[in-house]
**Student:** 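Here it is, the structure in full.
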Amino acid sequence: MKRRIAAFFAASLLSAGTTMAADDITIHSSADPMLKLGTVTFDGGRSLDLTVGIGSGAFRHPSLPANIFQSVSDRGPNFTCKDGIKITATTQQQLCGGMKGARIYPTPNYVPSIYTVEVLPGGSFRILDVLTLKDRDGKPITGLTNPMTKAKTEIPFDSHGRKLAQDPNAIDMEGLVRLADGTYWVGEENAPSIVHIDADGRIIKRLVPKGMEGDFAGANYTVEGKLPALLARRQTNRGIESMAVSPDEKFLYFAVQSPLANPDAKTYAASANTRLFKFDRAGETLVGEFLYVFDKPETFIKDKSKKQSDVKLSEMMATGLDRVIVLERINKTTKLYEVALDGATNVLGTAWDAAATTPSLEATPVDRSKIVPLAKVLKFTTDQHKNFPDKIEGLARLGDGSTAMINDDDFGIEGARTTIAVVKELRLVSPAAALSD
């Protein structure tokens, strides 16, 4: 074990020489009936016992009790036709008529929602409230794919192999913050976009990449093209999966989950460079864009991956003005890095935002880019802890200073269940001390 930890530190990008060890980690599970979504049977195949995946993002506003936070589901149960062959014990022809670019939605009427979660003593939790997303008229939205022409999208099918209509109102919620006025901002993966939601769950406004506004002409809420046009080149299902807010609520921070497919998917697959943004809420304008460089996949010890595209940025949590905790993960290994925007190169509005720039930012190694990337200081890694939940996607700072880390169970499609790990009383230690744990 000591050798594995030593290998991890040797391979990491950390130069500050510190990491964070946990004095106490409590794992919380739940039998709350509100987490049950029901059973779906595939024609000629097996049945799936689905759950509600509440852990795609998390946030605790200071106005909430110390042990209560909020989280979000994404678009609902879904999987590709290729994956569905194994999941459902059917054929691709049965699932989607052999159509390329199809995706299966077993519960197409599922409404993406914001959940209020109470962490209980003794290792359990419960759902206190569910806020469903709605259009401006109060009609519930879905999580189906949007009818896009400026970015790649997928064709939805139901559990009976029937083609579904795409939905311009649909939102694939991932990151979450709540403001003092009771409204929310979420990071959205599909378009990609960032979305403002009122206290009743109605969508106020959706900000998409410039030039994509027309694809959402049928949406029953306001859509504006205020994000860089280049974001339309996000790899499918690798859009904006994180959201954080500065303590004074003046700025939002969000990032692209993976490197852009800029100029193509081959570049995305090989790149370690993704983009982190700073957004001025008052002016509704971007004021910063920074380069975040992923770790090598080999440093995620539990995953044993060699594919750079397996590494993702799944969550952020602000610790101060222009300081955020970034959640970088594959599946089994999760790392938390503290990142300060100060000192990094702001590339917003430069040639790096232009589609014509060759080689692109994604195709340029950081040491050849003349860009100072965001400095990363490792704060926590699940590689130091056994039996930690897989696929952590949500972070919330609880009222006692501990951190709730919640997983995305993918709606129980492959048997996973929502779990919350509460990490308490963290302290900075040297690598040498970490080796003796």
Side-chain angles (χ1 to χ4, degrees), residues 56 72-84 92 95-112 133 135 141-159 161-175 186-195 203 206-241 254 256-269 274-275 309 312 355 362 410-411 413:
S56 286
V72 294
S73 64
D74 55 27
R75 53 186 159 169
N78 67 92
F79 45 85
T80 65
C81 281
K82 181 179 178 180
D83 290 340
Q92 188 168 347
L95 286 172
C96 53
M99 179 177 287
K100 292 183 178 181
R103 200 165 192 92
I104 310 305
Y105 288 79
T107 59
N109 294 322
Y110 175 79
V111 182
L133 263 61
D135 66 13
I141 68 164
T142 73
L144 299 174
T145 56
N146 301 129
M148 293 186 289
T149 62
K150 302 297 184 181
K152 292 182 179 180
T153 188
E154 296 166 312
I155 306 300
F157 281 75
D158 69 10
S159 60
R162 297 177 300 207
K163 184 178 177 181
L164 299 166
Q166 293 175 315
D167 183 0
N169 284 318
I171 295 289
D172 184 6
M173 265 197 311
E174 296 286 350
V186 300
E188 194 275 332
E189 188 172 27
N190 192 35
S193 58
I194 60 174
V195 186
I203 297 173
R206 183 177 187 177
L207 306 184
V208 302
K210 294 176 183 178
M212 288 185 65
E213 303 93 319
D215 286 346
F216 299 91
N220 191 25
Y221 48 74
T222 299
V223 179
E224 298 179 358
K226 290 190 174 182
L227 303 185
L230 199 64
L231 292 188
R233 293 190 174 185
R234 58 96 183 99
Q235 180 73 4
T236 306
N237 300 319
R238 295 293 183 95
I240 295 168
E241 192 165 309
F254 60 91
V256 186
Q257 179 185 3
S258 298
L260 299 176
N262 180 32
D264 51 31
K266 184 178 180 180
T267 303
Y268 140 78
T274 197
R275 300 168 188 246
S309 59
K312 310 172 186 71
E362 287 69 25
D410 286 328
F411 293 85
I413 288 171

**Student:** Decide yes or no for S159 and I104: does some side-chain heavy atom of the first lie under 4.5 Å from some side-chain heavy atom of the second?
**Tutor:** no
**Student:** How close do G225 and K210 get, heavy atom to heavy atom, and via which atoms?
**Tutor:** O-CG, 3.0 Å
**Student:** Is the closest side-chain donor-acceptor distance between Y110 and S73 under 3.5 Å?
**Tutor:** yes
**Student:** Consider only side-chain N and O atoms of R233 and Y268, and report whether a donor and an acceptor are under 3.5 Å apart.
**Tutor:** no
**Student:** Give a yes or no on whether the backbone of N146 and the side-chain of T153 come within a donor-acceptor separation of less than 3.5 Å.
**Tutor:** yes
**Student:** Taking the side chain as everything from C-beta on, heavy atoms only, tell me whether R275 gets closer than 4.5 Å to N262.
**Tutor:** yes
**Student:** Quick check: closest heavy atoms across A165 and P156, and the distance to 0.1 Å?
**Tutor:** O-CG, 4.1 Å
**Student:** Roughly how far, to the nearest 0.5 Å, is CD of E154 from CE of M148?
**Tutor:** 9.0 Å
**Student:** Among T107, D74, N78, find the one that has a side-chain contact (heavy atoms from CB on, under 4.5 Å) with F411.
**Tutor:** D74
**Student:** With rounding to the nearest 0.5 Å, note down the distance linking CD1 in I413 to CZ in F79.
**Tutor:** 5.5 Å
**Student:** Under 3.5 Å, is there a donor-acceptor pair between the side chain of E188 and the main chain of D172?
**Tutor:** yes
**Student:** Quick check for you: to the nearest 0.5 Å, what is the distance between E174 atom CD and N190 atom CG?
**Tutor:** 10.0 Å
**Student:** Please name the pair of heavy atoms, one in P209 and one in P192, separated by the smallest distance, quoted to 0.1 Å.
**Tutor:** CD-O, 3.0 Å
**Student:** Can M212 and L227 be said to form a side-chain contact (heavy atoms from CB on, under 4.5 Å), step by step?
**Tutor:** CA-CA 10 Å; M212 288 185 65; L227 303 185; over 6 Å; no
**Student:** Could you state the interatomic distance from CZ (R103) to CD1 (I155), rounded to the nearest 0.5 Å?
**Tutor:** 12.5 Å
**Student:** Which heavy atom of P106 sits nearest to which heavy atom of P77, and what is that distance?
**Tutor:** CD-O, 3.2 Å
**Student:** With side chain to side chain donor-acceptor pair (under 3.5 Å) as the test, pick out the partner of S258 among R234, R238, Q235.
**Tutor:** R238
**Student:** Looking at L144, is its backbone amide N or carbonyl O close enough to the side chain of D167 to form a donor-acceptor pair, meaning the two atoms are under 3.5 Å apart?
**Tutor:** no
**Student:** Please find the pair of heavy atoms, one from A232 and one from A151, that lie closest to each other, and give the distance.
**Tutor:** O-CB, 3.4 Å
**Student:** Working to the nearest 0.5 Å, report the span between CG of L133 and CD1 of I141.
**Tutor:** 4.5 Å
**Student:** State the CD-OG1 distance between E362 and T274, to the nearest 0.5 angstrom.
**Tutor:** 7.5 Å
**Student:** Check the pair I203, D135 against side-chain contact (heavy atoms from CB on, under 4.5 Å), reporting the backbone distance first and the verdict last.
**Tutor:** CA-CA 6 Å; I203 297 173; D135 66 13; over 6 Å; no
**Student:** Is E241 paired with K312 through a side-chain N to carboxylate O contact shorter than 4.0 Å?
**Tutor:** no
**Student:** Evaluate whether atom NZ of K226 has more than 12 neighbouring non-hydrogen atoms of other residues, nucleotides or ligands under 6.0 angstrom away.
**Tutor:** yes
**Student:** Taking all heavy atoms of L164 and all of Y105, pick out the closest pair and write down the distance.
**Tutor:** CD1-CB, 4.4 Å
**Student:** Going through the checks in order, is the side-chain contact (heavy atoms from CB on, under 4.5 Å) test met by K150 and V208?
**Tutor:** CA-CA 11 Å; K150 302 297 184 181; V208 302; over 6 Å; no
**Student:** Can a donor-acceptor pair be found, under 3.5 Å and without considering hydrogens, that links the side chain of T145 to the backbone of Q166?
**Tutor:** no
